[in-house]
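Both ligands and their constituent atoms are indexed starting at 1 by order of listing. Atom set for the values below is all heavy atoms of this structure, side chains included, hydrogens, waters and symmetry mates excluded.
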Amino acid sequence: MYTQSFNVPDESGQKQVKPMKASEPPERMARFDACIDADGRIEPQDWMPEAYRKTLVRQISQHAHSEIVGMLPEGNWISRAPSLKRKAILIAKVQDEGGHGLYLYSAAETLGVSRGDLLDALHTGKAKYSSIFNYPTLNWADVGVIGWLVDGAAIMNQIPLCRCSYGPYARAMVRVCKEESFHQRQGYEALLVMMRGTQAQKDMVQDAVNRYWWKCLAMFGPPDADSPNSTQGMRWGIKRISNDDLRQKFIDATVPQAKVLGVTLPDPDLKWNEARGHYDYGQIDWDEFWKTVNGHGPCNKERLATRVKAHNDGAWVREAALAYANKQQQRTLKEAA
Ligand code: BYC
């Protein structure tokens with residue numbers, strides 16, 4: 001269901017790149033443009049315009065930050081998972097998110113930035129990460145709903161990124177999407193089990209869906225008309241499908257899943273529109289979204305404080321790894337001498 005987008009052709013017709021800047025060397029720029037127009041891949045050793053590089057650093061680093069901050073809301077539930085089976089699944093999932101962060105920081109480093117600088121920007125509140133991780137996980141059903149809806153939205157957004165014009169990002173996304181697919185299924189299955197349980201369990205699932213539904217729709221970013229980065233990102237083949245179109249695809253795919261699960265999506269305006277061939281939906285609270293993105297959501301401070309503490313507590317591991325690498329290097333040099 002989520003994988004159909006691998007083959008979706010570009011419907012935007014916006015394959016031209018931004019008009020050349022006077023400061024960019026024309027011959028190189030022409031080669032870059034031709035590569036983008038031919039739907040080719042740009043690799044780290046290739047010349048690229050500075051604005052393209054900066055856009056990628058911005059998006060890939062924010063994506064990496066989202067993965068490692070995204071470990072925190074669910075990580076809170078590892079010690080309280082209701083069974084050994086659920087605990088093992090959750091540990092694996094949270095560990096996968098850490099791995100996604102590592103692939104993405106590595107992809108960003110191929111663009112000439114340092115991981116240390118990117119992490120500094122996150123820890124000092126200068127860098128953005130996904131709005132969705134600034135909401136609390138209040139009960140066990142929240143963990144299932146994060147898998148079903150948050151990972152479901154993430155897959156919808158990330159499948160088109162497998163065809164991103166920057167090679168290292170596109171390749172990282174292939175593996176990330178496979179793992180996200182397992183995450184989405186484990187969440188949905190956990191909820192199916194709860195929905196076959198007691199009334200109290202069913203109520204927990206509905207409550208979690210009520211709290212997370214609108215926040216998940218906002219994950220796709222502001223409406224296309226208010227998205228300053230979209231046009232250029234799509235022209236460069238970084239983004240392939242617009243924020244609004246991805247949001248619509250997510251809603252259309254999720255409504256039938258909600259029916260099977262037996263939950264109500266909390267939107268009285270959610271109705272099938274025969275003429276459009278899509279579900280209509282209500283108004284997203286964009287004021288609340290921007291407040292959260294700008295650091296004033298319910299858990300922003302707690303998430304950053306936990307992340308900074310984890311980074312500081314792990315300093316000895318980084319030091320030990322560096323000392324070991326230096327020792328190995330010295331040994332290799334000595335043997336070669
Ligand atoms: N939250 O012009 P726009 C996961 C920002 S990880 C916060 O549309 P763009 C998971 C945007 O950055 C999910 N900020 O931007 C992990 C921009 O600000 P700047 C993360 C948001 O880049 C663990 C401004 O708003 N996925 O799911 O064209 C466990 C204007 O927006 C958000 C990715 O990062 C938001 N929701 O499009 C479980 C995917 N939305 O940078 C799950 C990669 C927008 O100009 N990223 N902003 O200061 C993308 O696809 C795109 O960057 C976005 C935004 C669609 C998110």
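Counting only heavy atoms of the protein, atom 50 (O) of ligand 1 lies nearest to Asn157 ND2, 3.0 Å. In this structure, the protein non-hydrogen atom closest to atom 6 (S) of ligand 1 is Ser66 CB, 3.7 Å. Among all non-hydrogen protein atoms, the one lying nearest atom 7 (C) of ligand 1 is Tyr129 O, 3.3 Å. The protein non-hydrogen atom at the shortest distance from atom 47 (N) of ligand 1 is Phe289 CZ, 4.3 Å. In terms of protein heavy atoms, atom 1 (N) of ligand 1 is closest to Ser131 N, 2.8 Å. Remark: minimum distance from atom 24 (C) of ligand 1 to any protein heavy atom is reached at Trp290 CH2, 3.9 Å. From the protein, the heavy atom lying nearest to atom 15 (O) of ligand 1 is Asn229 ND2, 3.3 Å. Atom 30 (C) of ligand 1 has Pro228 CD, 3.8 Å as its closest protein atom, hydrogens excluded (heavy atom only).
Atom 17 (C) of ligand 1 lies below 4.0 Å from at least one non-hydrogen atom of the protein.
Short contacts between ligand 1 and Asp151, defined as distances under 4.0 Å to a heavy atom of the residue, involve ligand atoms 38 (C), 42 (C). Here is the list of ligand 1 atoms found below 4.0 Å of a heavy atom in Tyr169: 43 (C). Close approach of ligand 1 to Asn243 (heavy-atom distance below 4.0 Å) involves ligand atoms 8 (O), 55 (C). The ligand atoms of ligand 1 that sit less than 4.0 angstrom from a heavy atom of Ala218 are 36 (N). Below 4.0 Å from some heavy atom of Glu97 lie the following atoms of ligand 1, by number and element: 16 (C), 23 (C), 29 (C), 38 (C). When each atom of ligand 1 is checked for a heavy atom of Phe220 under 4.0 Å away, the hits are 55 (C). Counting the atoms of ligand 1 from 1 in the order shown, those under 4.0 Å from a heavy atom of Ala154 are 4 (C), 27 (O). Less than 4.0 angstrom separates some heavy atom of Ser227 from each of these atoms of ligand 1: 2 (O), 3 (P), 8 (O).
Side-chain atoms of Ser130 do not come within 3.5 Å of backbone N or O of Ser66 as any donor-acceptor pair. Using a distance-only test at 3.5 Å, with no hydrogens or angles considered, a donor-acceptor pair links the side chain of Arg276 to the main chain of Tyr279. A distance-only check finds no donor-acceptor pair linking the side chain of Asn157 to the backbone of Ala153 [under 3.5 Å].
Contact check on Arg247 versus Asp244 returns a salt bridge, with a Lys/Arg side-chain nitrogen under 4.0 Å from an Asp/Glu carboxylate oxygen. The residues Lys239 and Asp245 are annotated as not salt-bridged, no charged nitrogen and carboxylate oxygen being separated by less than 4.0 angstrom. A salt bridge between Arg211 and Asp207 is present, with a side-chain N of the basic residue lying under 4.0 Å from a carboxylate O of the acidic one. Between Glu50 and Arg53 there is a salt bridge, since a side-chain N of the basic residue sits under 4.0 Å from a carboxylate O of the acidic one. Ion pairing between a basic and an acidic side chain is recognised when a charged N comes within 4.0 Å of a carboxylate O; Lys93 and Glu97 show such pairing.
Nearest to atom 56 (C) of ligand 1 by heavy-atom distance, out of Lys126, Met219, Gln62, is Met219. Of the options Cys216, Gly221, Pro222, the smallest heavy-atom separation from atom 31 (O) of ligand 1 is shown by Pro222. With Gln184, Lys128, Gln232 as candidates, the residue nearest to atom 19 (P) of ligand 1 on a non-hydrogen basis is Lys128. Of the candidates Lys215, Arg247, Gln59, Lys239, the one placing a heavy atom closest to atom 54 (C) of ligand 1 is Lys239.
In the model, Gln62 has no side-chain atom that pairs as donor or acceptor with a side-chain atom of His65 under 3.5 Å. Side chain to side chain, Asp224 and Ser242 meet the donor-acceptor criterion of an N or O pair below 3.5 Å. Between the side chains of Asn326 and Gln330, no donor-acceptor pair of N or O atoms lies under 3.5 Å.
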Could you go through the side chain to side chain contact (heavy atoms under 4.5 Å, CB included) check for Ile238 and Asn229 one step at a time? CA-CA 11 Å; Ile238 297 172; Asn229 302 305; over 6 Å; no
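The heavy-atom pair separating Ser131 from Thr292 by the smallest distance is O-CG2, 3.7 Å.
Here Arg58 has side-chain heavy atoms under 4.0 Å from ligand 1, and that is the only part of it that gets that close.
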